[in-house]
J.: 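First the structure, then my questions, so here it is.
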Amino acid sequence: MADNTALTNTQIPCISVENNIRWNETPGAAFQDNGFWFLSFCYAGKVYFVDKPYYMLRRDNSGSSVFAKDKVFSRDEEFRYIRRRIEQDQELWNRLKETWAHLYCRVDSLEWTFGRIGEEFEKEFVYEKSRITAKLLMEGLLREKDFSDKNWKKIKLLVRKPDAFLKDLANRKQNLSKMSEGAPSRVAFRGDSLLKRLVVRIAAMFILNKSARKRWRARHIDLTPRDGIDIRKTPADTNGSCKGSKINSKRNLQS
């Protein structure tokens with residue numbers, strides 16, 4: 001559907017496609033994959049999923065936009081771009097407007113962004129998200145059936161009591177910061193139960209210990225192609241055998 005055009009330097013070039021789908025060019029090139037992904041699925045005549053990895057998400061670049069604490073509304077800018085684009089086709093907008101609104105207001109995305117941005121931007125961010133969410137509710141674009149009961153309650157709290165919503169997120173972010181003890185900022189900050197807090201603590205220790213990661217991955221991880229690794233090829237044996245390893249494959253579990 002799209003030409004294989006390389007992304008060079010910090011400028012994202014326009015990519016030629018049948019339906020004139022282009023990367024949304026903004027300073028800093030942040031979150032452009034959201035728009036290109038959404039629009040590609042909007043216009044695709046057919047979608048075929050291949051059980052082979054061609055892309056691996058990596059966040060080991062300290063200069064990446066996801067680590068920029070002052071990029072507060074970059075994701076919002078991208079979703080406004082998506083709306084402007086699909087509104088040009090009334091039939092498309094009528095068919096996908098609720099889907100767009102649901103993805104825009106996903107609670108986990110909001111929480112992830114809150115955990116990423118600087119403390120000085122937290123109040124501004126929550127109040128702006130409260131205003132946007134209330135506006136979409138008034139437009140009838142957000143539907144309760146598209147959210148879990150827990151997340152719909154959070155949506156209502158965000159709209160009706162943004163201060164309480166802000167306080168809850170700030171407390172959880174602070175608690176995780178204390179537990180992680182210097183763990184990388186890319187660790188998710190959701191931890192509203194004892195079990196989740198333990199998981200976050202263990203994950204933080206695990207991330208900091210590279211050798212432990214390698215040992216655990218070799219012994220326990222399900223090395224399917226979606227993990228970015230071909231189970232048929234391992235460093236231990238290029239012929240594909242896994243001598244001495246304890247790999248729990250889903251294929252074996254299902255057989």
Side-chain angles (χ1 to χ4, degrees), residues 24 26 30-31 33-35 37-38 42 65-87 90 92-180 185-201:
N24 179 30
T26 57
F31 301 94
D33 57 324
N34 285 268
W37 166 82
F38 191 98
C42 285
S65 58
V66 296
F67 299 131
K69 294 184 178 297
D70 58 344
K71 284 188 177 293
V72 182
F73 297 109
S74 297
R75 184 175 180 275
D76 297 78
E77 292 175 5
E78 187 69 11
F79 271 84
R80 285 194 290 267
Y81 160 74
I82 296 172
R83 177 169 184 169
R84 290 195 302 270
R85 175 57 196 272
I86 60 179
E87 277 184 331
Q90 196 60 44
L92 189 64
W93 171 247
N94 290 336
R95 179 160 52 92
L96 296 174
K97 57 186 179 182
E98 288 90 0
T99 302
W100 168 85
H102 170 66
L103 291 174
Y104 185 15
C105 295
R106 280 178 52 180
V107 175
D108 58 344
S109 295
L110 187 156
E111 293 177 336
W112 176 80
T113 301
F114 187 90
R116 179 183 61 78
I117 62 176
E119 184 178 352
E120 65 273 25
F121 304 113
E122 292 176 353
K123 184 174 182 179
E124 177 188 3
F125 172 73
V126 169
Y127 270 76
E128 179 63 12
K129 296 302 290 187
S130 177
R131 183 191 69 79
I132 292 171
T133 305
K135 184 175 183 293
L136 294 178
L137 282 169
M138 291 292 293
E139 292 182 59
L141 298 180
L142 289 179
R143 304 175 298 187
E144 183 176 356
K145 68 177 185 179
D146 295 330
F147 296 84
S148 66
D149 292 339
K150 181 179 180 180
N151 284 341
W152 187 248
K153 289 179 181 178
K154 291 183 178 181
I155 289 290
K156 292 192 292 185
L157 180 64
L158 172 64
V159 172
R160 297 172 181 174
K161 298 180 179 180
D163 284 325
F165 189 89
L166 170 63
K167 183 177 180 181
D168 177 62
L169 289 187
N171 287 339
R172 289 160 57 191
K173 183 177 180 179
Q174 184 178 22
N175 289 338
L176 179 67
S177 178
K178 291 179 181 179
M179 288 188 297
S180 61
S185 60
R186 55 179 168 270
V187 179
F189 83 99
R190 305 179 195 113
D192 44 11
S193 70
L194 178 60
L195 177 60
K196 288 184 179 179
R197 291 172 186 172
L198 287 173
V199 170
V200 170
R201 176 96 183 198

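Computed over heavy atoms, backbone and side chain alike; hydrogens, waters and symmetry mates excluded.
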J.: Between Glu122 and Lys173, is there a side-chain N and carboxylate O pair less than 4.0 Å apart?
T.: yes
J.: Output the distance between atom CG (Leu92) and atom CZ (Arg85), rounded to the nearest 0.5 Å.
T.: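 Here the interatomic distance stands at 9.0 Å.
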J.: Is it the case that more than 12 heavy atoms not belonging to Asp149 sit under 6.0 Å from its CG atom?
T.: no
J.: Would Glu87 and Arg84 pass as an ion pair if we require N to O under 4.0 Å?
T.: no
J.: When you compare the side chain of Glu78 with that of Asn24, does any pair of heavy atoms fall below 4.5 Å?
T.: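 Yes, close enough: below the 4.5 Å cut-off.
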J.: Looking at Trp112, I'd like to know if the NZ or CZ of Arg116 sits under 6.0 Å from its six-membered ring centre while staying within 45 degrees of the ring's axis.
T.: yes
J.: Testing the basics here: between Trp100 and Trp93, what is the closest heavy-atom pair and its distance to 0.1 Å?
T.: CE3-CH2, 4.0 Å
J.: Distance from Arg95 atom CZ to Cys42 atom SG, nearest 0.5 Å?
T.: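 Here the interatomic distance stands at 7.0 Å.
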J.: Among all residues two or more places apart in sequence or in another chain, which pass the side chain to side chain donor-acceptor pair (under 3.5 Å) test with Glu77?
T.: none
J.: When you compare the side chain of Lys97 with that of Ile86, does any pair of heavy atoms fall below 4.5 Å?
T.: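 No, their side chains stay 4.5 Å or more apart.
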J.: When rounded to the nearest 0.5 angstrom, what distance separates NZ in Lys129 from SG in Cys105?
T.: 5.5 Å
J.: How about Ile117 and Phe121: do any of their side-chain heavy atoms sit closer than 4.5 Å?
T.: yes
J.: Would a 4.5 Å heavy-atom cut-off, applied to side chains only, mark Leu141 and Tyr104 as touching?
T.: no
J.: How far apart are the C-alpha atoms of Glu128 and Arg131, what are their side-chain angles, what is the distance that settles it, and do they pass the side chain to side chain contact (heavy atoms under 4.5 Å, CB included) test?
T.: CA-CA 5 Å; Glu128 179 63 12; Arg131 183 191 69 79; 2.6 Å; yes
J.: Can you find a pair of side-chain heavy atoms, one from Phe165 and one from Arg160, that are under 4.5 Å apart?
T.: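 No - every pair of side-chain heavy atoms lies 4.5 Å or more apart.
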J.: Got a sec, which residues hit ring-ring contact (aromatic ring centres under 6.0 Å, His included) with Phe38, two or more places apart in sequence or on another chain?
T.: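 For Phe38, no residue satisfies ring-ring contact (aromatic ring centres under 6.0 Å, His included) once neighbours in sequence are set aside.
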J.: So, taking the atom named CZ in Arg106 and the one named OG1 in Thr113, what distance separates them when rounded to the nearest 0.5 Å?
T.: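 Here the interatomic distance stands at 10.5 Å.
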J.: Rounded to the nearest 0.5 Å, what separates atom CG in Leu110 from atom CG in Leu169?
T.: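 That separation rounds to 6.5 Å.
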J.: Does Glu139 CD have over 12 foreign heavy atoms under 6.0 Å away?
T.: yes
J.: With Tyr81, which residues qualify under side chain to side chain donor-acceptor pair (under 3.5 Å), at least two apart?
T.: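 Here no residue qualifies.
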J.: Are any of the side-chain nitrogens in Glu111 or Lys154 under 4.0 Å away from the carboxylate oxygens of its partner?
T.: yes
J.: Has the side chain of Asp168 got a donor or acceptor atom that lies under 3.5 Å from a matching backbone atom of Ala164?
T.: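 Answer holds: no.
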J.: Under the side chain to side chain contact (heavy atoms under 4.5 Å, CB included) criterion, do Asp146 and Trp152 qualify, and how do the steps go?
T.: CA-CA 9 Å; Asp146 295 330; Trp152 187 248; over 6 Å; no
J.: Name the one of Asp163, Leu166, Leu157, Leu158 that satisfies side-chain contact (heavy atoms from CB on, under 4.5 Å) with Ser130?
T.: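 Looking at Asp163, Leu166, Leu157, Leu158, the match for Ser130 under the side-chain contact (heavy atoms from CB on, under 4.5 Å) is Leu158.
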J.: For the pair Phe147 and His102, name the ring-plane relationship: parallel under 30°, tilted 30 to 60°, perpendicular over 60°.
T.: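 Taking His102 first and then Phe147, their aromatic rings stand perpendicular (interplane angle over 60°).
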J.: Would Phe31 and Asn34 count as a side chain to side chain contact (heavy atoms under 4.5 Å, CB included) if you check the C-alpha gap in whole Å, the side-chain angles of each, and the deciding distance to 0.1 Å?
T.: CA-CA 6 Å; Phe31 301 94; Asn34 285 268; 3.6 Å; yes
J.: Between Phe73 and Phe125, is there a side-chain heavy-atom distance shorter than 4.5 Å?
T.: yes
J.: How long is the span from the CG atom in Asp76 to the CD1 atom in Ile132, to the nearest 0.5 Å?
T.: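 Reported value, rounded in 0.5 Å steps: 4.5 Å.
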J.: Going through the distances and angles, do Lys69 and Glu120 end up as a side chain to side chain contact (heavy atoms under 4.5 Å, CB included)?
T.: CA-CA 10 Å; Lys69 294 184 178 297; Glu120 65 273 25; 5.8 Å; no
